[in-house]
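Keep in mind that this is a model prediction, so the values were computed, not measured.
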Amino acid sequence: MKNLFFAIAIVMLSFAAFAQTDSKPAPPTTRTVSGQVLTSKDMPAVRIEFDKAFKYAGAQSFVLYNVANAEQHFFVETDKDGRMKRFYWIQFEGYLPDNKHSYNYKSPKIVNSGGFDFFADAYARSLTGDMGRPDSDGARARAFLSAKGFRMGSTEVMYQRLVHLIDEAKRNELMIIYAEDLTGTGFTAADLNEGGSARARWAEVSQGLLDRALKGMKITKQ
(Lines give C-alpha, C1' and ligand atoms only; values in the text may rest on other atoms or scores of the structure.)
Protein backbone atom coordinates (compact mmCIF):
# COMPACT_ATOMS: atom_id res chain seq x y z
CA MET A 1 0.00 0.00 0.00
CA LYS A 2 2.83 2.40 0.83
CA ASN A 3 4.24 2.13 -2.66
CA LEU A 4 0.95 1.75 -4.55
CA PHE A 5 0.43 5.48 -5.02
CA PHE A 6 3.80 5.99 -6.64
CA ALA A 7 3.27 3.14 -9.08
CA ILE A 8 -0.11 4.59 -10.03
CA ALA A 9 1.46 8.02 -10.47
CA ILE A 10 3.96 6.69 -13.01
CA VAL A 11 1.26 4.89 -15.01
CA MET A 12 -1.01 7.94 -15.02
CA LEU A 13 1.81 10.25 -16.00
CA SER A 14 2.85 7.95 -18.84
CA PHE A 15 -0.72 7.92 -20.10
CA ALA A 16 -0.90 11.71 -19.94
CA ALA A 17 2.34 12.05 -21.89
CA PHE A 18 1.02 9.64 -24.54
CA ALA A 19 -2.34 11.41 -24.79
CA GLN A 20 -0.91 14.90 -25.09
CA THR A 21 1.03 14.53 -28.34
CA ASP A 22 0.80 18.26 -29.03
CA SER A 23 2.70 19.19 -25.85
CA LYS A 24 5.42 21.80 -26.27
CA PRO A 25 9.05 20.70 -25.84
CA ALA A 26 10.50 20.88 -22.34
CA PRO A 27 12.64 23.95 -21.61
CA PRO A 28 16.25 23.45 -20.47
CA THR A 29 17.06 23.25 -16.77
CA THR A 30 18.95 26.47 -16.00
CA ARG A 31 19.36 26.53 -12.19
CA THR A 32 22.38 24.85 -10.65
CA VAL A 33 23.04 22.84 -7.50
CA SER A 34 26.34 22.47 -5.65
CA GLY A 35 26.21 20.45 -2.46
CA GLN A 36 23.37 21.83 -0.35
CA VAL A 37 22.97 25.03 -2.39
CA LEU A 38 20.50 25.71 -5.19
CA THR A 39 21.31 28.84 -7.21
CA SER A 40 19.12 30.73 -9.66
CA LYS A 41 20.67 33.60 -11.62
CA ASP A 42 17.31 35.17 -12.48
CA MET A 43 13.53 34.87 -12.12
CA PRO A 44 14.36 35.27 -9.30
CA ALA A 45 18.06 35.71 -8.55
CA VAL A 46 18.22 33.61 -5.39
CA ARG A 47 20.45 31.24 -3.42
CA ILE A 48 18.77 28.57 -1.28
CA GLU A 49 20.89 26.50 1.10
CA PHE A 50 19.34 23.40 2.65
CA ASP A 51 20.12 21.70 5.92
CA LYS A 52 22.70 18.90 5.76
CA ALA A 53 19.99 16.35 6.54
CA PHE A 54 18.68 16.74 3.00
CA LYS A 55 20.13 15.04 -0.06
CA TYR A 56 19.75 16.47 -3.55
CA ALA A 57 17.55 14.12 -5.61
CA GLY A 58 17.72 15.84 -9.01
CA ALA A 59 15.74 18.10 -11.31
CA GLN A 60 13.33 18.05 -14.22
CA SER A 61 11.65 20.61 -16.46
CA PHE A 62 8.52 20.55 -18.59
CA VAL A 63 5.74 22.70 -20.03
CA LEU A 64 2.83 22.64 -17.60
CA TYR A 65 -0.63 22.37 -19.19
CA ASN A 66 0.89 23.83 -22.38
CA VAL A 67 0.81 27.33 -20.83
CA ALA A 68 3.82 27.64 -18.48
CA ASN A 69 7.44 26.54 -18.20
CA ALA A 70 8.23 24.69 -14.97
CA GLU A 71 11.56 23.63 -13.49
CA GLN A 72 11.55 21.39 -10.40
CA HIS A 73 14.36 20.53 -7.96
CA PHE A 74 14.15 18.13 -5.00
CA PHE A 75 15.99 17.72 -1.70
CA VAL A 76 15.01 14.72 0.45
CA GLU A 77 15.68 13.35 3.92
CA THR A 78 15.34 9.59 4.34
CA ASP A 79 15.28 7.20 7.27
CA LYS A 80 17.67 4.27 7.78
CA ASP A 81 15.55 2.16 5.41
CA GLY A 82 15.69 4.73 2.62
CA ARG A 83 12.11 5.94 2.98
CA MET A 84 11.44 9.67 2.78
CA LYS A 85 10.67 11.36 6.08
CA ARG A 86 10.44 14.83 4.53
CA PHE A 87 11.45 16.67 1.40
CA TYR A 88 11.64 20.04 -0.34
CA TRP A 89 10.20 20.50 -3.81
CA ILE A 90 11.35 23.78 -5.38
CA GLN A 91 9.62 24.97 -8.53
CA PHE A 92 10.44 27.91 -10.79
CA GLU A 93 7.45 28.59 -13.02
CA GLY A 94 6.45 31.21 -15.57
CA TYR A 95 3.73 31.63 -18.17
CA LEU A 96 4.68 31.41 -21.83
CA PRO A 97 4.63 34.58 -23.96
CA ASP A 98 1.79 33.23 -26.13
CA ASN A 99 -0.79 33.76 -23.34
CA LYS A 100 -1.89 36.49 -20.93
CA HIS A 101 -2.42 34.42 -17.80
CA SER A 102 -1.35 35.59 -14.35
CA TYR A 103 -1.13 33.97 -10.90
CA ASN A 104 -3.76 34.80 -8.31
CA TYR A 105 -3.11 33.55 -4.78
CA LYS A 106 -5.62 34.35 -2.07
CA SER A 107 -3.83 33.00 1.00
CA PRO A 108 -4.15 35.61 3.79
CA LYS A 109 -0.89 34.48 5.40
CA ILE A 110 2.35 36.09 4.22
CA VAL A 111 5.80 35.17 5.55
CA ASN A 112 9.16 36.73 4.69
CA SER A 113 12.30 34.70 4.25
CA GLY A 114 15.56 36.14 2.96
CA GLY A 115 13.84 39.33 1.87
CA PHE A 116 11.23 37.51 -0.21
CA ASP A 117 7.52 37.63 0.63
CA PHE A 118 5.77 34.28 0.30
CA PHE A 119 2.10 33.37 0.34
CA ALA A 120 1.95 30.56 2.89
CA ASP A 121 -0.60 27.80 3.21
CA ALA A 122 -0.54 24.27 4.55
CA TYR A 123 -2.61 21.16 4.04
CA ALA A 124 -2.67 17.45 4.83
CA ARG A 125 -3.43 14.74 2.32
CA SER A 126 -3.76 10.99 2.04
CA LEU A 127 -1.91 9.68 -1.01
CA THR A 128 -4.53 6.97 -1.48
CA GLY A 129 -7.27 9.41 -2.52
CA ASP A 130 -8.01 11.41 -5.66
CA MET A 131 -4.82 13.31 -6.50
CA GLY A 132 -6.26 15.32 -9.40
CA ARG A 133 -4.92 15.62 -12.92
CA PRO A 134 -2.23 13.09 -13.90
CA ASP A 135 -0.41 15.77 -15.92
CA SER A 136 -0.20 18.21 -13.00
CA ASP A 137 3.07 19.46 -11.54
CA GLY A 138 2.31 17.45 -8.40
CA ALA A 139 1.84 14.20 -10.35
CA ARG A 140 5.07 14.86 -12.22
CA ALA A 141 6.91 15.52 -8.95
CA ARG A 142 5.65 12.29 -7.38
CA ALA A 143 6.50 10.28 -10.50
CA PHE A 144 10.02 11.78 -10.60
CA LEU A 145 10.73 10.88 -6.98
CA SER A 146 9.30 7.41 -7.44
CA ALA A 147 11.46 6.83 -10.50
CA LYS A 148 14.49 7.76 -8.39
CA GLY A 149 13.52 5.10 -5.87
CA PHE A 150 12.18 7.42 -3.16
CA ARG A 151 9.08 6.44 -1.17
CA MET A 152 7.28 8.17 1.67
CA GLY A 153 7.18 6.29 4.95
CA SER A 154 3.38 6.29 4.84
CA THR A 155 0.52 7.48 2.66
CA GLU A 156 -0.35 10.26 5.14
CA VAL A 157 1.54 13.48 4.35
CA MET A 158 1.33 17.16 5.24
CA TYR A 159 2.60 19.99 3.06
CA GLN A 160 3.68 23.60 3.56
CA ARG A 161 3.46 25.65 0.38
CA LEU A 162 5.36 28.93 0.00
CA VAL A 163 4.87 31.01 -3.15
CA HIS A 164 6.73 34.18 -4.13
CA LEU A 165 5.44 36.18 -7.11
CA ILE A 166 8.49 37.47 -8.93
CA ASP A 167 7.19 40.25 -11.18
CA GLU A 168 4.49 42.93 -10.96
CA ALA A 169 2.54 41.28 -13.76
CA LYS A 170 2.32 38.12 -11.57
CA ARG A 171 3.34 35.86 -14.44
CA ASN A 172 6.36 34.23 -12.79
CA GLU A 173 6.71 32.52 -9.43
CA LEU A 174 9.04 30.68 -7.11
CA MET A 175 7.20 27.92 -5.26
CA ILE A 176 8.70 25.92 -2.40
CA ILE A 177 6.80 22.96 -1.02
CA TYR A 178 8.00 21.30 2.17
CA ALA A 179 6.45 17.89 2.96
CA GLU A 180 6.56 15.61 5.98
CA ASP A 181 5.42 12.08 6.69
CA LEU A 182 2.62 12.26 9.29
CA THR A 183 3.78 9.03 10.97
CA GLY A 184 4.49 9.62 14.64
CA THR A 185 2.32 12.74 14.98
CA GLY A 186 -0.76 10.83 16.14
CA PHE A 187 -2.81 12.37 13.31
CA THR A 188 -4.04 11.31 9.90
CA ALA A 189 -4.85 13.65 7.02
CA ALA A 190 -8.55 13.03 7.71
CA ASP A 191 -8.11 14.07 11.35
CA LEU A 192 -6.45 17.34 10.41
CA ASN A 193 -8.95 18.16 7.67
CA GLU A 194 -11.97 17.82 9.95
CA GLY A 195 -13.93 20.81 11.11
CA GLY A 196 -14.74 21.72 14.69
CA SER A 197 -12.15 20.90 17.33
CA ALA A 198 -9.72 19.58 14.73
CA ARG A 199 -9.15 23.13 13.49
CA ALA A 200 -7.38 24.07 16.69
CA ARG A 201 -5.16 21.01 16.40
CA TRP A 202 -4.38 21.84 12.78
CA ALA A 203 -3.47 25.41 13.68
CA GLU A 204 -0.83 24.09 16.09
CA VAL A 205 0.44 21.35 13.79
CA SER A 206 0.62 23.61 10.72
CA GLN A 207 2.51 26.32 12.62
CA GLY A 208 5.13 23.76 13.58
CA LEU A 209 5.26 22.61 9.96
CA LEU A 210 5.90 26.17 8.76
CA ASP A 211 8.59 26.71 11.40
CA ARG A 212 10.44 23.57 10.31
CA ALA A 213 10.09 24.45 6.63
CA LEU A 214 11.73 27.82 7.21
CA LYS A 215 14.37 26.45 9.58
CA GLY A 216 15.54 23.80 7.12
CA MET A 217 16.63 26.28 4.46
CA LYS A 218 18.34 29.65 4.15
CA ILE A 219 17.17 31.94 1.35
CA THR A 220 19.42 34.75 0.15
CA LYS A 221 18.87 37.31 -2.61
CA GLN A 222 21.58 37.25 -5.29
Side-chain angles (χ1 to χ4, degrees), residues 6 29 31-40 43-60 70-93 105 107 109-125 127 137-138 140-142 144-146 148-166 173-187 189 192 201-222:
F6 291 95
T29 301
R31 283 80 184 185
T32 60
V33 173
S34 178
Q36 302 302 112
V37 179
L38 168 63
T39 302
S40 173
M43 301 303 287
V46 64
R47 179 183 188 272
I48 310 175
E49 182 176 0
F50 296 91
D51 186 271
K52 292 180 180 179
F54 294 89
K55 172 186 176 182
Y56 184 57
Q60 65 177 351
E71 179 177 329
Q72 297 178 334
H73 294 262
F74 303 92
F75 286 80
V76 306
E77 181 186 4
T78 58
D79 63 17
K80 60 182 178 61
D81 297 316
R83 296 170 300 191
M84 286 191 296
K85 298 165 54 180
R86 52 185 185 151
F87 66 86
Y88 283 96
W89 151 18
I90 307 93
Q91 183 161 314
F92 300 88
E93 184 179 318
Y105 290 93
S107 174
K109 190 168 188 175
I110 307 288
V111 299
N112 187 280
S113 182
F116 292 93
D117 285 330
F118 290 90
F119 291 97
D121 49 30
Y123 53 97
R125 178 174 289 177
L127 301 182
D137 52 350
R140 291 172 185 265
R142 291 186 293 273
F144 178 88
L145 290 170
S146 179
K148 293 287 186 179
F150 293 107
R151 305 287 189 273
M152 289 301 292
S154 78
T155 57
E156 302 293 303
V157 183
M158 56 181 175
Y159 302 86
Q160 175 64 58
R161 184 177 68 169
L162 301 166
V163 178
H164 170 69
L165 296 180
I166 298 167
E173 68 175 21
L174 164 61
M175 179 176 72
I176 301 172
I177 291 181
Y178 171 77
E180 286 185 359
D181 180 357
L182 269 172
T183 301
T185 66
F187 298 108
L192 296 174
R201 290 183 294 170
W202 177 235
E204 180 181 353
V205 171
S206 62
Q207 182 59 52
L209 182 68
L210 174 60
D211 292 342
R212 291 188 295 277
L214 295 174
K215 183 179 180 181
M217 61 181 176
K218 181 181 179 181
I219 301 175
T220 308
K221 286 186 176 181
Q222 291 289 88

*I177 versus R161: any side-chain heavy-atom pair under 4.5 Å?*
yes

*Are any side-chain N or O atoms of E93 and backbone N or O atoms of A70, one a donor and one an acceptor, separated by less than 3.5 Å?*
no

_Ignoring hydrogens, what is the shortest heavy-atom contact between G153 and D181? Give both atom names and the distance._
CA-OD2, 3.3 Å

*Minimum-distance pair of heavy atoms, taken over all atoms of V157 and A179*: CG1-CB, 4.0 Å

*Nearest heavy-atom pair of P44 and F116: which atoms, and what distance?*
CB-CE2, 4.0 Å

_Contact between M175 and D137 at the side-chain level, heavy atoms closer than 4.5 Å - yes or no?_
yes

*Find out whether R31 and I90 are in side-chain contact, i.e. whether some heavy atom of one side chain is under 4.5 Å from a heavy atom of the other.*
no

_Under the criterion side-chain contact (heavy atoms from CB on, under 4.5 Å), I'd like the reasoning laid out for L174 against F118: C-alpha separation, chi angles, the key distance, then a yes or no._
CA-CA 9 Å; L174 164 61; F118 290 90; 4.3 Å; yes

*If you measure from CG on L209 to OH on Y178, what distance do you get to the nearest 0.5 Å?*
6.5 Å

*asked:* Please give me the minimum heavy-atom distance between Y88 and G216, naming the atom from each residue.
replied: OH-CA, 3.2 Å

_Between R86 and E77 (salt bridge meaning N to carboxylate O under 4.0 Å), is one present in this structure?_
yes

_Heavy-atom check, side chain of H164 versus side chain of L162, under 4.5 Å_ = no

*Any chance you could measure M84, atom CE, to T78, atom OG1, to the nearest 0.5 Å?*
9.5 Å

_CD on Q207 to CH2 on W202, rounded to 0.5 Å_ = 11.0 Å

*Would you mind reporting whether S206 and Y123 have side-chain heavy atoms less than 4.5 Å apart?*
no

*asked:* Measuring only between side-chain heavy atoms, which start at C-beta, is F187 closer than 4.5 Å to E156?
replied: no

*Interatomic distance, E180 atom CD to Q160 atom CD [nearest 0.5 angstrom]*: 10.0 Å

*Which pair of non-hydrogen atoms, one from A57 and one from F150, has the smallest distance, and what is that distance?*
CB-CE1, 3.6 Å

*asked:* For R83, is there any backbone N or O sitting under 3.5 Å from a side-chain donor or acceptor partner on D81?
replied: no

*For the residue pair F92 and M43, establish whether any side-chain heavy-atom pair is separated by less than 4.5 Å.*
no

*Establish, from distance only, whether the side-chain atoms of Q72 and Q60 form a donor-acceptor pair under 3.5 Å.*
yes

*Give me the ring orientation class for Y159 and F87: parallel if the planes are under 30° apart, tilted from 30 to 60°, perpendicular past 60°.*
perpendicular

*Do other residues, nucleotides or ligands put more than 12 heavy atoms under 6.0 Å from the NZ atom of K148?*
no

*Salt bridge check: are D79 and K85 linked by an N-O gap of less than 4.0 Å?*
no

*Roughly how far, to the nearest 0.5 Å, is the CD atom of E49 from the OG atom of S34?*
10.5 Å

*Would you give the length of the straight line joining atom CD1 of I219 to atom OG of S113, rounded to the nearest 0.5 angstrom?*
3.5 Å

*asked:* Looking only at the side chains, is there a donor atom on one of Y56 and H73 sitting less than 3.5 Å from an acceptor on the other?
replied: yes

*Compare all side-chain heavy atoms of R47 with those of V37 and state whether any distance is below 4.5 angstrom.*
yes

*asked:* Just checking F54 against F75, ring centres under 6.0 Å apart?
replied: no

